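One structure below.
Keep in mind that what you see is a predicted model, and the values were worked out from it rather than measured.
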Amino acid sequence: MKIFLYSAIAMLFCFSVTAQIVVKDTTKMGYQLNETDTITEPILLEEIIVHKEKLDPESKKQFLLLQNRVYKVYPYAKVAAERLTILNKNMEALKTSREKKKYFKIAEDYMNNEFEARLKKLSRKQGQILVKLIYRQTGQTTFQLIKELKSGWKAFWSNTAAKVFDIELKEKYTPYTVNEDYLIETILVRAFDHGRLVKQESANSINYDELSDFWEAKAKSGK
């Protein structure tokens, strides 16, 4: 059943991506490392400040793990948004159902061959971050994208398979309500500013200054 997840996500990609590394999950401001996630290069516990608060050593470690995971999967989400735009544009230009079906089959075969092996190497947590970032870049959940590109039945099976591996395809990216999503946004903004990742605007505009103020106020209130 895992093949459904790989095939579905692979449908969004059309050319190769470069990426690197791995990471973990959040609760409040710190993190909790579990599963088998590791860091593949030395951890530099330099001063890390999130909404004006210095992180303790363990939280720094967990933040770096999350950062590595974001670095790993963001390029895939970026390509997903770009390829989805091209796919939709090309499909709209085709006149008959037969032409669309033929084009879709060619695109599907190419993307499966190109990306299936790479996606199989993602951990469950990397896969879940990818689902969140695909929502950030496209404005749609992975479940919605699968449903539109394939059939509702296919989407159902993809979602079922994903749940078996702790990946929820209906999950959205909500940095104002989920602390991990706020930290992901922090990582992205810093990576864009330093040229670590190539910036692509989110589908739904995010004012990072307002977002930071929101979480700072929330931290001060203790809620």
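Residue Met91 comes nearest to Tyr103 through the heavy atom pair SD-CD2, 3.4 Å, listed as atom of the first residue, atom of the second, then distance. For Lys172 against Asp181, the heavy-atom pair with the smallest separation is O-OD2, 3.9 Å. When all heavy atoms of Tyr74 and Val198 are compared, the pair lying nearest together is OH-O, 2.9 Å. Across all their heavy atoms, Gln144 and Thr141 have their closest contact at OE1-N, 2.8 Å. Considering every non-hydrogen atom in both Gly139 and Ala203, the closest pair reads N-CB, 3.3 Å.
A 4.5 Å side-chain heavy-atom check between Asn90 and Leu94 finds every atom pair outside the cut-off. Using a 4.5 Å cut-off on side-chain heavy atoms (C-beta onward), Leu130 and Lys72 make no contact. Using a 4.5 Å cut-off on side-chain heavy atoms (C-beta onward), Lys100 and Ser97 make no contact. Looking only at side-chain heavy atoms (C-beta outward), Lys61 and Leu64 stay at 4.5 Å or farther from each other. Residues Val131 and Ile134 form no side-chain contact, since every pair of their non-hydrogen atoms from C-beta on lies 4.5 Å or further apart. Side-chain atoms of Ile184 and Pro175, non-hydrogen and from C-beta on, never get closer than 4.5 Å to each other. Contact of the Glu216 side chain with the Lys220 side chain is registered, since non-hydrogen atoms from C-beta on lie closer than 4.5 Å.
Sorted by first and then second residue, the pairs that involve residues 134-143 and meet salt bridge (Lys or Arg N to Asp or Glu O under 4.0 Å), not counting sequence neighbours, are Arg136-Glu185.
With a 6.0 Å cutoff to the six-membered ring centre and a 45° limit on the axis angle, Lys170 counts as a cation-pi contact of Phe143.
Note that OH of Tyr208 and CG of Asp213 are 10.0 Å apart. Values are rounded to the nearest 0.5 Å. Between atom CD of residue Gln137 and atom NZ of residue Lys132 there is a gap of 14.5 Å, rounded to the nearest 0.5 Å. Between the CG atom in Leu197 and the CZ atom in Arg190 there is a gap of 13.5 Å [rounded to 0.5 Å]. In this structure, Ile187 CD1 and Tyr182 OH are separated by 10.5 Å, a value rounded to the nearest 0.5 Å. Separating the CG atom in Leu188 from the CG atom in Leu183 is a distance of 11.0 Å, to the nearest 0.5 Å. With values rounded to the nearest 0.5 angstrom, Thr138 atom OG1 is found 4.5 Å from Leu145 atom CG.
Taking a cutoff of 4.0 Å between a charged side-chain nitrogen and a carboxylate oxygen, Lys101 and Glu99 do not qualify as a salt bridge. Look at Glu82 and Lys78 and you find a salt bridge, because one of the NZ, NE, NH1 or NH2 atoms lies within 4.0 Å of a carboxylate O, short of that distance.
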Tyr173 and Ser202: side-chain hydrogen bond (donor to acceptor under 3.5 Å, both in side chains), yes or no, with the steps?
CA-CA 10 Å; Tyr173 182 71; Ser202 61; over 6 Å; no
Evaluation steps, salt bridge (charged side-chain N to carboxylate O under 4.0 Å, His left out), between Glu201 and Lys199
CA-CA 6 Å; Glu201 295 294 340; Lys199 184 176 183 179; 3.4 Å; yes
Worked verdict on Ser123 versus Gln126 for side-chain contact (heavy atoms from CB on, under 4.5 Å)
CA-CA 5 Å; Ser123 70; Gln126 288 170 341; 3.2 Å; yes
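Side-chain atoms of Tyr135 and Thr174 include no donor-acceptor pair closer than 3.5 Å. Side-chain atoms of Gln128 and Glu168 form no donor-acceptor pair, as typed in the model, at a separation below 3.5 Å.
Between Phe214 and Tyr176, the two ring planes are perpendicular [angle over 60°; tilted spans 30° to 60°].
Of the possible donor and acceptor atoms, one in the side chain of Ser221 sits under 3.5 Å from a partner among the backbone N and O of Lys218.
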